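One structure is given below, encoded as structure tokens.
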2 protein chains.
Amino acid sequence: MVSGQKQKLTIKQVAEAAGVARSSVSRAFTRPEMLSPETVRRVRDAAEKLGYVPNQTARALSTGRHGNVALIVPDIANPFFPPLIRAAQMEADRSDFCVFLGNSDEDPKQEDKLVGRFTGQVEGLILASSRLSDERIRAHAAQRPLVLINRDVEGIPRVLINSGSGVREAVAHLAGLGHQHIVYVAGPVTSWSNKQRRLAVRKSAERLGLKVDIVATMVPSYDAGREAVAAIITTGATAAIAFDDLTAQGILAGLADRKIRVPRQFSVVGCDDVLGAATYPSLTTVSNRSLEAGKAALSLLLELLQSQSLRDIRYVLDTHLVVRNTTIGHKE
Amino acid sequence: MVSGQKQKLTIKQVAEAAGVARSSVSRAFTRPEMLSPETVRRVRDAAEKLGYVPNQTARALSTGRHGNVALIVPDIANPFFPPLIRAAQMEADRSDFCVFLGNSDEDPKQEDKLVGRFTGQVEGLILASSRLSDERIRAHAAQRPLVLINRDVEGIPRVLINSGSGVREAVAHLAGLGHQHIVYVAGPVTSWSNKQRRLAVRKSAERLGLKVDIVATMVPSYDAGREAVAAIITTGATAAIAFDDLTAQGILAGLADRKIRVPRQFSVVGCDDVLGAATYPSLTTVSNRSLEAGKAALSLLLELLQSQSLRDIRYVLDTHLVVRNTTIGHKE
DNA sequence: CTAAAGCCTGCAACCGGTTGCATGTCAACG
DNA sequence: CGTTGACATGCAACCGGTTGCAGGCTTTAG
């Protein structure tokens, strides 16, 4: 374990030190069962003594296996993603994979660019909440194994967090509390989750005889939620279900600005449960499974890389409502 | 721009299509000024038509330049880091660099392992809030260009967020409000920022004649803060400065559990301003410069890669106190 | 008109591993 | 005792680019 030397040492020096051919050194590391135990030991000793580490790049060039995967998310700063990223990392780590992280900034162009940059150096990629068109996703999937999170494209392996189940519970919860007119504060139009949540609100409200209005926002964020409050109020609704917790938090702030008390005068439900009980009042929200999603997506990808089986996999994680303190009964 | 074809196309096919040698194709992309404009055009056209993209791995092998950097953080889920990561990403993106992300999980061993895994495939690395020993950091820096964030090791380029300035303001603020006995709720012992903050509290408290107690925690988190409350109370202090906002938020919760009103009965100051005004009451805290730190570290690294100048760079970002609603005057 | 100086382009070696195939050794078998 | 086969190792080609050097052609100067 000598250190400090700058000159790179290659398989060749190790071969000379151990008195064998370069190929034997290679095999000592990659397929030791092909060599006599004695040779393996000699090579390993020599390598250790010199501090040799195989060059990943060279290996990747000849084998095509780089041991890298890429993970692209729309916005790292959105608290929904860090746990997902972290879980994916840990899973990758268990198989000695390195992960490239990309931030698309909610922009399909940027996402496309990133995929292109990564494609050459990874064995597979994961797109979380992709903002790309189905067509582009299919095109990329044709190049490399690809796993989607929260995006439902047929034929492409995907893990989906079914926020529908939780959202339905939320609507039922509000209906049970006596609300008759609610508003859904929507997220990005390109978001699959948004579509799913909007639909779930619509459907179950209809079934329960509630009136629903939709308020649009561009990007899910605190500020967007705050700005949406004006529109929310003019609808005359008594409760809002927000696309995500960040937006809900902004709504809470916007309502407070207007001296509207939550939950006394207005109820708010978030989605993704990323803030824990950190808001005030603590937020009623739909649970999230982002951690499991990240882990599942990564292991699914690794599995795919091993067995080229291309079954149409669709892994669904259900959610449920977490009732806290931003929802309360409403009487006319 | 043909697509769908699976077989990889190499510089050779392009060369044949354009009727030139492989080396000319290579040069058409990397050093067009060496070729006649006519040839460059022909090659580029052919490449375009076939949909050729240079193989990064092969390029990296022969040039040693991979166009990758690695960024290692102790905990992605800690809200201090995502903005930093994001800023670093964007900066890397501007130079067409890809970034590997590593999560050390606050564990020096894991961090060491990650550095090892990355070293072979990157041109340089950034260690944010490294938990490694100075010695290990120096060893790694000898292999590859390395930039530190929030870690002050002489001779190694580093960008430091000087939370000292903000913490001193915080102590002065509390003193000004009449507090005479405060407690510092410490973070990880291996954390440079923690050392810096603890020192700043100690020094300025001494200067202002305040009594200071220290309460230790292991990992900066909500739970750690909550659990620290018992110890905080037994000290008899009337205000706490927490290592970071997460810890502060936990303290807020722990105090609420015990029906201790903030700020009426007890004042709390956080650090890093990662929660915005999202806590209740909104948290008085020390501003953070994590975004700038990420950006600065990345551009510093890229600069280093270009000009092998190894000057001893130490880039410091000052912070200040953001007064919100968890601090208030205290009379005996 | 010839020689020197440029400009383009191609050849071939190289980056550092991996791997199919050939070779050599030795034990088991008929 | 000669064959056969298993096993261990080496040779050399290959992965897909990059780059120093040499050669051919054109331009400029003498």
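Hydrogens, waters and symmetry mates play no part in the numbers below; they use all other heavy atoms, side chains included. Predicted, not measured: the structure shown is a model, and the values here were computed from it. Lettering of chains follows the sequences in order, A, B, ..., and the numbering in each one begins at 1.
OP1 or OP2 of D:dT9 has not a single side-chain nitrogen or oxygen of A:S24 nearer than 4.0 Å. In terms of phosphate contacts, B:T10 brings no side-chain nitrogen or oxygen within less than 4.0 Å of OP1 or OP2 of D:dC15.
The CD-P distance, from A:E33 to D:dC7, rounds to 12 Å in whole Å. If you take CZ of B:R31 and P of C:dT9, they are 14 Å apart, rounded to a whole angstrom. What separates NE2 of A:H66 from P of C:dG16 is a distance of 18 Å, to the nearest Å. For B:L9 and D:dG16, the CG to C1' distance is 12 Å, given to the nearest whole Å. For B:L61 and C:dA13, the CG to P distance is 17 Å, given to the nearest whole Å. Counting to the nearest Å, the C1' atom of D:dC14 and the CZ atom of A:R59 are 17 Å from each other. With rounding to whole Å, B:R22 atom CZ is found 11 Å from C:dA13 atom C1'. In this entry the distance linking CD of A:Q13 with P of C:dG16 reads 9 Å, nearest Å.
Distance from the side chain of B:L35 is smallest to C:dT9 among D:dT18, C:dT19, C:dT9. Closest to the B:T39 side chain, of the nucleotides C:dG16, C:dT9, D:dT19, is C:dT9. Between D:dG16, D:dT18, C:dC11, one nucleotide has an atom nearer to the side chain of B:N55 than all others, and that is D:dG16. When each of D:dT18, D:dT19, D:dG16 is scored by its nearest atom to the side-chain atoms of B:K8, the top-ranked nucleotide is D:dG16. Side-chain proximity of B:R65 to the nucleotides D:dT19, D:dG10, C:dT18 is greatest for D:dT19. Side-chain proximity of A:T30 to the nucleotides C:dG16, C:dT18, D:dG17 is greatest for C:dT18.
Among the atoms of the strands shown, none is found under 4.0 Å from any heavy atom of A:V25. As judged by a 4.0 angstrom heavy-atom cut-off over every strand, B:F29 is placed among residues making no nucleic acid contact. Among the heavy atoms of the strands lying under 4.0 Å from A:A21 are primed sugar atoms or P, OP1, OP2 only; no base atom is included. Within the 4.0 angstrom heavy-atom criterion, only backbone atoms of the sugar-phosphate kind lie near A:S36; the bases stay farther away.
No donor-acceptor contact under 3.5 Å links the side chain of A:R27 to the base of C:dG17. The base of D:dC15 is not paired with the side chain of B:T57 by any donor and acceptor separated by under 3.5 Å. Interface remark: the B:S23 side chain does form a donor-acceptor pair with the C:dC11 base, using a distance-only criterion of under 3.5 Å.
With salt bridges taken as basic N to acidic carboxylate O contacts below 4.0 Å, one links B:E106 and B:R131. In summary, B:E38 and B:R42 engage in a salt bridge, as defined by a charged side-chain N under 4.0 Å from a carboxylate O. Ion pairing of B:R41 with B:D45 is present here, as a side-chain N (NZ or NE/NH1/NH2) and a carboxylate O approach within less than 4.0 Å.
The nearest pair of heavy atoms linking B:I137 to B:V153 is CD1-CG2, 4.3 Å. Scanning all heavy atoms of the two residues, the minimum distance from A:P145 to A:L305 falls at CG-CD2, 3.6 Å.
Nearest-nucleotide mapping onto DNA chain C: of A:P54 and B:G19, the residue sitting toward the 5' end is B:G19. Nearest-nucleotide assignment on DNA chain D puts the 5′-proximal partner with B:S62, out of B:S62 and B:M34.
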As a quick check of understanding, evaluate side-chain hydrogen bond (donor to acceptor under 3.5 Å, both in side chains) for B:N68 and A:Q121, giving each step before the final call. CA-CA 10 Å; B:N68 298 334; A:Q121 346 189 28; 2.9 Å; yes
